[in-house]
Amino acid sequence: MKYTQLGRTGLKVSRLVLGTMNFGPQTDETDSHAIMDAALDSGINYFDTANVYGWGENKGRTEEIIGNWFAKGGDRRDKTVLATKVYGNMAADGDPWPNHDKLSALNIRRAVDASLQRLQTDYIDVYQFHHIDRSTPFEEIWQAIDTLIQQGKILYVGSSNFPGYKIAQANETAARRGGTIGLVSEQCLYNLAERRAEMEVIPAAQEYGLGVIPWSPLHGGVLGGIIKKEVKGGRRASGRAADTLANPSARAQIQLYEDLLDKHGIEPGEAALAWLLTRPGVTGPIVGPRTAEQLESALRAVELELSDDLLTSLDEIFPGPGPSPEAFAW
């Protein structure tokens with residue numbers, strides 16, 4: 001495994017991030033523990049989750065599965081850089097009591113204590129805002145975070161799904177207040193098929209020293225050889241993948257992508273991950289394996305070297321927006 005610093009911090013993290021969203025809803029606890037053991041054995045030390053994972057009546061279940069894994073001992077917690085998120089309401093029916101969601105100081109305090117209990121740990125390495133809160137000023141948010149850092153409950157803070165201007169606003173507010181170093185990472189939707197983050201989010205992250213953690217690196221399975229699997233009678237496309245394949249021009253684009261990688265003898269999903277690892281500012285993509293086999297495929301991507309010719313061809317199939325602000329200024 002290869003490692004890098006998380007943004008401008010001294011924290012060393014693996015170039016792949018283990019995403020745990022499937023733990024509980026799609027992968028049972030036994031298999032989830034096996035995947036985490038395999039990830040740690042392979043050198044992946046950065047694990048990502050969120051308080052709402054488990055979804056519906058089972059919100060919090062994913063954190064509980066991770067907590068039970070930590071409780072097994074064997075230095076599991078000490079070897080893991082743990083990231084979780086706050087924002088979503090934890091009510092099973094989706095109708096929270098006032099102040100039981102978003103980023104008020106009250107909810108942040110309540111949410112972090114609940115996550116610590118489920119995770120069976122006394123601190124969270126990277127505590128992430130799952131979404132912007134348009135109602136709560138950053139002065140209040142940072143006041144709450146400063147208290148948690150002083151209490152030793154969290155070490156660093158990251159964002160997720162933030163636009164570029166909110167990254168700037170958050171860190172400028174932190175700088176004016178002093179104390180916390182501000183946001184150190186941003187999780188955003190970013191992959192070959194979805195490159196809008198290059199317009200504002202990634203430039204802002206680089207300017208303020210945030211590590212970029214792309215989620216959905218295979219774009220919901222679109223970049224994982226979906227047409228090849230369809231032809232072979234594999235798992236049927238659903239969600240984002242099904243919507244993409246229903247569009248004739250998008251389907252043709254994916255076919256070009258798969259044909260290109262077939263010519264180079266490279267698995268599409270591994271190429272999509274390897275491409276992200278070449279992108280400026282990217283710390284490492286989040287991979288969310290449902291099985292041990294999917295984890296093994298992701299690990300191969302770290303060692304995969306994409307030639308300049310192949311990178312150029314990928315850009316031709318999936319052209320990015322270009323540099324900011326030129327991409328939208330003229």
Side-chain angles (χ1 to χ4, degrees), residues 1 15-39 41-42 44 53 55 189-195 214-279 284-307 309-320:
M1 179 53 59
R15 300 278 343 252
L16 288 181
V17 181
L18 182 69
T20 62
M21 189 170 66
N22 291 322
F23 294 174
Q26 297 191 43
T27 307
D28 66 23
E29 182 161 341
T30 299
D31 288 343
S32 297
H33 285 191
I35 289 171
M36 286 188 282
D37 280 334
D41 288 344
S42 72
I44 295 177
Y53 289 173
W55 310 111
L189 175 60
Y190 183 40
N191 55 58
L192 268 168
E194 176 50 83
R195 297 178 62 170
W215 60 264
S216 195
L218 303 187
H219 206 53
V222 169
L223 299 171
I226 189 66
I227 296 177
K228 183 190 298 185
K229 293 174 183 176
E230 181 184 73
V231 171
K232 291 182 178 180
R235 191 165 64 97
R236 291 182 61 83
S238 60
R240 186 179 296 134
D243 292 342
T244 300
L245 295 184
N247 182 317
S249 61
R251 185 183 181 93
Q253 186 183 39
I254 299 303
Q255 186 68 68
L256 284 173
Y257 168 71
E258 294 190 12
D259 290 344
L260 171 68
L261 295 172
D262 187 56
K263 184 176 69 173
H264 285 267
I266 300 174
E267 288 298 319
E270 294 171 19
L273 292 173
W275 177 83
L276 280 170
L277 292 172
T278 70
R279 304 309 297 166
I286 297 174
V287 295
R290 295 186 302 275
T291 65
E293 291 74 22
Q294 290 176 343
L295 176 62
E296 291 171 3
S297 177
L299 289 168
R300 289 193 292 271
V302 179
E303 304 300 328
L304 182 60
E305 296 287 340
L306 303 181
S307 68
D309 287 345
L310 179 53
L311 289 170
T312 299
S313 296
L314 290 172
D315 273 335
E316 291 171 351
I317 296 173
F318 300 107

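This chain uses plain numbering: 1 for the first residue, then up along the sequence.
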To check you understand the geometry: which heavy-atom pair defines the closest contact between Pro289 and Gly19, and what is its length? CD-O, 4.2 Å

Using a 4.5 Å cut-off on heavy atoms from C-beta on, say whether the side chain of Pro214 contacts that of Ile286. no

Side-chain donor-acceptor distances from residues 259-266 under 3.5 Å, at least two apart:
unit_1, atom_1, unit_2, atom_2, d
Asp259, OD1, Gln255, NE2, 3.0

Interatomic distance, CD1@Ile254 vs OG@Ser249, rounded to 0.5 Å, equals 10.0 Å

Atom CZ of Arg279 and atom CG of Leu311: how far apart are they, to the nearest 0.5 Å? 8.0 Å

Between Leu299 and Val287, is any pair of side-chain heavy atoms under 4.5 Å apart? no

If the condition is side chain to side chain donor-acceptor pair (under 3.5 Å), which residues does Arg195 pass it with, not counting sequence neighbours? Glu198, Asp315

Identify the heavy atoms of Ala39 and Leu295 that sit nearest to each other, and give their distance. N-CD2, 3.7 Å

Between Gln26 (side chain only) and Met21 (backbone N and O only), is there a donor and an acceptor less than 3.5 Å apart? no

Does some side-chain heavy atom of Leu218 sit less than 4.5 Å from a side-chain heavy atom of Asn191? no

Starting at CD of Glu303, measure out to CZ of Arg15 and round the result to the nearest 0.5 Å. 11.0 Å

Non-hydrogen atoms of Leu189 and Ser216 that approach each other most closely: CD1-CB, 3.6 Å

Pairwise side-chain contact, His219 with Leu192, heavy-atom cut-off 4.5 Å (strictly under): no

What is the distance from atom CD of Glu267 to atom NZ of Lys228, rounded to the nearest 0.5 Å? 4.5 Å

All side chain to side chain contact (heavy atoms under 4.5 Å, CB included) counterparts of Ala250, not counting sequence neighbours: Thr244, Asn247

Partners meeting salt bridge (Lys or Arg N to Asp or Glu O under 4.0 Å) with Glu296 (sequence neighbours left out): none

Who pairs with Glu194 by salt bridge (Lys or Arg N to Asp or Glu O under 4.0 Å), at least two apart in sequence or on another chain? Arg196

For Pro268 and Gly225, work out which heavy atoms get closest and say how close. CB-N, 3.5 Å

From Asn22, Thr20, Leu18, residue fulfilling side chain to side chain contact (heavy atoms under 4.5 Å, CB included) relative to Ile35: Leu18

Taking Tyr53 for the side chain and Phe23 for the main chain, is one N or O donor matched with an acceptor at less than 3.5 Å? no

Ignoring hydrogens, what is the shortest heavy-atom contact between Pro285 and Pro217? Give both atom names and the distance. CB-CB, 4.0 Å

Distance-only criterion, 3.5 Å: show the donor-acceptor pairs between side-chain atoms of residues 270-277 and protein atoms not counting sequence neighbours.
unit_1, atom_1, unit_2, atom_2, d
Glu270, OE2, Ser297, OG, 3.0
Glu270, OE2, Arg300, NE, 3.0
Glu270, OE2, Arg300, NH2, 2.9

Which residues pass the side chain to side chain contact (heavy atoms under 4.5 Å, CB included) test with Gln253, not counting sequence neighbours? Ile317, Phe318

Which residues pass the side chain to side chain contact (heavy atoms under 4.5 Å, CB included) test with Asp31, sequence neighbours left out? Thr27, Asp28

